[in-house]
Amino acid sequence: MPVEPSPADRQLGEVVDVVRTFTRTVTGDFSAEDLLRRLAEAAVRILHADGAGVVVPAPDGRLVLAHSLHEGARRLEDLQELLQEGPCHDCVRHDRVVAVGDLAVEGDWPQFQAEAVGLGVRTVAALPLRGREGPIGALSVYRAQVRPFTPHELATAGLLADLAASYLSVVRDRDEARRARQELAHRAAHDPLTGLPVRWAFLQRLDEVVATSPRPGSVAVLFVDLDGLKYANDTYGHLAGDQLIRVSAQRLRRALRPDDLVARIGGDEFVVLLQGLASPARATAVAQRVVEEFAVPADADDLTVQPSASIGVAVLGPDDRVPADTLVSHADAAMYLAKQRGRGRWALFDPAAYADATSRADLVPALRRALADGQLHLRYQPVVDLRTGGAVAVEALLRWEHPERGTLAADEFVPAAEHSGLVRALGAWVLRTACRQLAAWDEELGARSPRRLFVNVSVLELGDPLLEHAVASTLDASGLAPERLVLEITESAFLHDPHGAAVLTRLRRRGCAVAIDDFGAGWSSLSRLVHLPVSVLKVDRAFTEHVVAHREAATVVASVLRLGDELGCDVVVEGVEDAATLERLTALGCRYAQGFHLARPLTAEQLTRWSGSAPGRG
């Protein structure tokens with residue numbers, strides 16, 4: 001006949017069941033809330049209590065309710081949280097068990113006691129949940145009747161509290177480790193300065209989008225390159241540069257939709273993923289909106305440098321199954337096209353131009369070696385005074401003696417230098433070499449030395465804030481007066497880059513001259529001319545080659561000559577290739593001209609001999 005277990009045996013069995021339940025819980029992905037609920041339930045069952053609750057410290061140190069069983073227990077724990085006093089508070093404060101047999105006559109918490117008795121609660125015990133550094137909370141158990149908890153019951157409750165506390169420590173350690181891993185993962189995927197995703201995270205998301213084969217034209221990438229970051233760093237320090245990056249990221253975000261993904265992939269480079277576009281035209285509309293947002297005056301964000309950005313746009317076409325990094329490369333190529341047009345502009349990816357740029361990119365490593373190994377040299381084409389036949393100036397023309405392809409003109413490799421960032425070094429070499437040569441001619445030729453030196457400056461050089469310093473230091477080193485240097489800029493550079501015009505204005509004040517090359521080829525020359533620091537106009541050869549046969553071309557050239565007189569600018573007509581053209585230009589009143597009929601581009605030695613045999617200046 002089975003023996004009926006004693007109350008003590010039954011209680012021990014219940015404790016064992018609780019331990020077993022806790023053990024199964026802790027081996028899984030359990031939460032602190034689950035653990036506290038099981039603790040309260042076990043305390044009520046094993047101690048034959050009518051209610052139980054658990055309080056834990058909040059971040060500010062206040063004890064707050066974490067879990068309760070039954071409405072009365074919850075109201076009592078809420079009251080303790082409100083009053084910040086009661087048996088649980090004394091338990092945690094003094095790290096000891098607090099037990100009251102009859103709340104009607106015992107205790108130091110009058111308001112709590114009155115509320116408890118009113119709710120029909122007479123007996124309470126609070127036991128500390130002890131962590132590594134002291135109490136991490138308290139377990140409270142309640143009875144409706146006056147029936148104090150025995151020492152054995154308190155010991156059993158203490159065992160449950162200690163067991164739960166140990167598991168709570170495991171939970172906290174696990175959660176802290178999980179948060180640490182999540183934080184590390186977030187840091188790895190995000191830029192610390194702007195909080196934006198980094199390159200690999202962006203490409204991962206872009207790969208997912210491209211793989212879904214979205215509707216043609218609905219997905220696009222913007223490649224955004226900041227203008228002027230190096231200037232901010234060099235002039236105002238890296239803190240100013242960091243501020244420029246942060247504000248630029250904010251402006252970029254403001255110009256986009258909430259769901260558009262923005263990432264920072266380089267020091268001054270951002271990319272944007274646009275999805276759900278109604279048409280490819282929407283991508284360029286977004287690019288224009290970004291340009292306008294960057295045009296907001298710098299003082300709106302307390303910046304020392306005006307933000308500006310060049311933007312490339314690449315749209316996923318109907319037949320595109322390109323990898324994510326290829327789409328980004330297309331947007332990058334378009335960005336360089338935008339940058340060639342001037343600061344603060346956008347350009348759409350052109351496959352034909354990209355193919356050409358890719359082939360030119362193969363020149364870059366060899367061009368770097370050429371710059372270091374002396375394969376580059378200059379030719380000098382005289383600008384002739386038609387009244388005297390002598391050279392009043394020379395234009396420095398860059399050439400590359402390629403070991404396999406022979407002599408390359410500048411337009412065959414300068415675009416590759418612009419795309420690779422090599423154009424600054426290339427431009428500095430040309431400026432330095434040409435100025436040294438002019439100084440050498442002064443020594444050798446004396447009065448027959450050219451009065452002026454024309455040096456071409458690319459659009460990207462024009463946007464370089466260090467151009468002014470480079471020009472000034474080169475002139476100082478060569479001993480040349482500033483007025484002898486003419487910086488020759490294409491008309492499109494003036495039209496699209498107001499920042500470059502400001503740089504040239506400052507150089508003009510230093511004494512340097514400024515020439516517009518290919519004048520007349522642009523569409524708004526006259527509207528901008530009054531605002532530009534121009535001292536020389538060079539008539540585009542497209543007019544010169546038709547000046548004999550077409551009256552309209554002759555009229556245009558004559559108009560530019562008169563315009564130069566009115567503005568006080570010298571006018572040089574380029575592309576004089578035959579005697580008939582020279583005769584017609586002379587009849588129109590042209591004084592300065594340049595072209596193969598007058599003189600081909602010459603080496604420095606050839607120019608020396610040519611100057612010695614050419615007529616004087618008169």
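The analysis underlying the following values was restricted to heavy atoms, covering all of them including side chains, and did not include hydrogens, waters or symmetry mates.
- Atom CZ of Arg264 sits about 15.5 Å away from atom CZ of Phe202, to the nearest 0.5 Å.
- With rounding to the nearest 0.5 Å, the separation of CG in Asp332 from CD in Glu269 is 6.5 Å.
- At least one side-chain heavy atom of Leu386 sits less than 4.5 Å from a side-chain heavy atom of Cys590.
- Remark: side-chain polar atoms of Glu412 are paired, donor with acceptor, to backbone N or O of Ala409 under 3.5 angstrom.
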- Task: For the pair Val536 and Phe454, evaluate side-chain contact (heavy atoms from CB on, under 4.5 Å) and give the outcome as yes or no after the intermediate values.
- Result: CA-CA 10 Å; Val536 179; Phe454 285 71; 4.0 Å; yes

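- Results of the side chain to side chain donor-acceptor pair (under 3.5 Å) test with Gln381 over Glu395, Gln594, Glu574 single out Gln594 as the only residue that passes.
- For residues 282-292, no pair satisfies salt bridge (charged side-chain N to carboxylate O under 4.0 Å, His left out), with sequence neighbours left out.
- Note on Arg451 versus Asp385: no salt bridge recorded, every NZ/NE/NH1/NH2 to OD/OE distance being 4.0 Å or above.
- By the 4.5 Å heavy-atom criterion applied to side chains, Trp346 and Leu222 are not counted as neighbours.
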- Mind running side-chain contact (heavy atoms from CB on, under 4.5 Å) on Leu480 and Asp442 for me, showing each step along the way? CA-CA 10 Å; Leu480 295 176; Asp442 287 347; 3.8 Å; yes

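- Each salt bridge (charged side-chain N to carboxylate O under 4.0 Å, His left out) pair with one or both residues in residues 305-314, not counting sequence neighbours, would appear here, but there are none.
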- Query: Which is it for Glu545 and Glu577 under the side-chain contact (heavy atoms from CB on, under 4.5 Å) test, yes or no, and what are the steps along the way?
  - Reply: CA-CA 8 Å; Glu545 63 186 10; Glu577 308 298 315; over 6 Å; no

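- Between Ala249 and Thr194, the shortest heavy-atom distance links the atoms CB-CG2, 3.9 Å.
- Under the 3.5 Å distance criterion, the side-chain polar atoms of Arg432 are left unmatched by any main-chain donor or acceptor of Cys435.
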Return all side-chain donor-acceptor pairs below 3.5 angstrom for residues 551-561, not counting sequence neighbours, or 'none' if the list is empty.
from	atom 1	to	atom 2	distance (Å)
Thr555	OG1	Arg551	O	2.9
Ser559	OG	Thr555	O	2.8
Ser559	OG	Arg562	NH2	3.4

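- A salt bridge links Lys339 with Asp227: the closest approach of a Lys/Arg side-chain nitrogen to an acidic carboxylate oxygen falls below 4.0 angstrom.
- Judged by distance alone, with hydrogens and angles left aside, the side-chain atoms of Ser308 form a donor-acceptor pair with the main-chain N or O of Gly344 at under 3.5 Å.
- Aromatic ring centres of Tyr380 and Trp610: separated by at least 6.0 Å.
- A donor-acceptor pair under 3.5 Å is absent between the side-chain atoms of Ser478 and the main chain of Arg436, judged by distance alone.
- Contact of the Arg600 side chain with the Arg379 side chain is not registered, since no non-hydrogen atoms from C-beta on lie closer than 4.5 Å.
- A 4.5 Å side-chain heavy-atom check between Val315 and Phe349 finds every atom pair outside the cut-off.
- His469 NE2: 12 or fewer foreign heavy atoms inside a 6.0 Å radius.
- Between Leu453 atom CG and Leu487 atom CG the span is 9.5 Å, to the nearest 0.5 Å.
- At a threshold of 4.5 Å between non-hydrogen side-chain atoms, the residues Arg452 and Asp570 count as touching.
- Heavy atoms only, all atoms of each residue included: Leu475 and Ala481 are closest at CD2-O, 4.4 Å.
- The two residues Val221 and Ala331 come nearest to each other via the heavy atoms O-CB, 3.7 Å.
- How far OG of Ser248 is from CD of Gln243: 10.0 Å, rounded to the nearest 0.5 Å.
- Residues passing the side-chain hydrogen bond (donor to acceptor under 3.5 Å, both in side chains) test with Thr581, sequence neighbours excluded: Asp578.
- Minimum heavy-atom separation, Ala287 to Ile311: O-CD1, 3.6 Å.
- Applying the side-chain hydrogen bond (donor to acceptor under 3.5 Å, both in side chains) test to Thr433 and every residue at least two apart in sequence or in another chain returns nothing.
- Val539 and Thr544 get closest at one heavy-atom pair: O-OG1, 4.3 Å.
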- Task: May I have the step-by-step check of side-chain hydrogen bond (donor to acceptor under 3.5 Å, both in side chains) for Asn456 and Glu461, ending in yes or no?
- Result: CA-CA 10 Å; Asn456 290 279; Glu461 289 179 275; over 6 Å; no

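- For the atom pair Leu466 CG and Arg424 CZ, the distance stands at 5.0 Å (nearest 0.5 Å).
- Using a 4.5 Å heavy-atom cutoff, the side chains of Phe270 and Ile245 are in contact.
- Side-chain contact check for Leu193 versus Asp242: some heavy-atom pair is nearer than 4.5 Å.
- Between Cys569 atom SG and Leu537 atom CG the span is 5.0 Å, to the nearest 0.5 Å.
- Between the side chain of Thr284 and the main chain of Ala281, a donor-acceptor pair closer than 3.5 Å is present.
- Residues forming a side-chain hydrogen bond (donor to acceptor under 3.5 Å, both in side chains) with Arg257 (at least two apart in sequence, or on another chain): Asp260.
- Contact annotation: the side chain of Leu376 approaches that of Leu426 to within less than 4.5 Å [non-hydrogen atoms, C-beta and beyond].
- At most 12 heavy atoms of other shown residues, nucleotides or ligands fall within 6.0 angstrom of atom CD in Glu583.
- Arg254 contributes no side-chain N or O that, together with a main-chain N or O of Leu256, makes up a donor-acceptor pair within less than 3.5 Å.
- Checked for salt-bridge contact, Arg251 and Glu293 miss the test: no charged N lies under 4.0 Å from a carboxylate O.
- Taking all atoms of both residues into account, the shortest heavy-atom contact from Ala604 to Trp441 is O-NE1, 3.6 Å.
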- Could you check Ile265 against Asp191 for side-chain contact (heavy atoms from CB on, under 4.5 Å), going step by step and ending with a plain yes or no? CA-CA 9 Å; Ile265 63 171; Asp191 168 53; over 6 Å; no

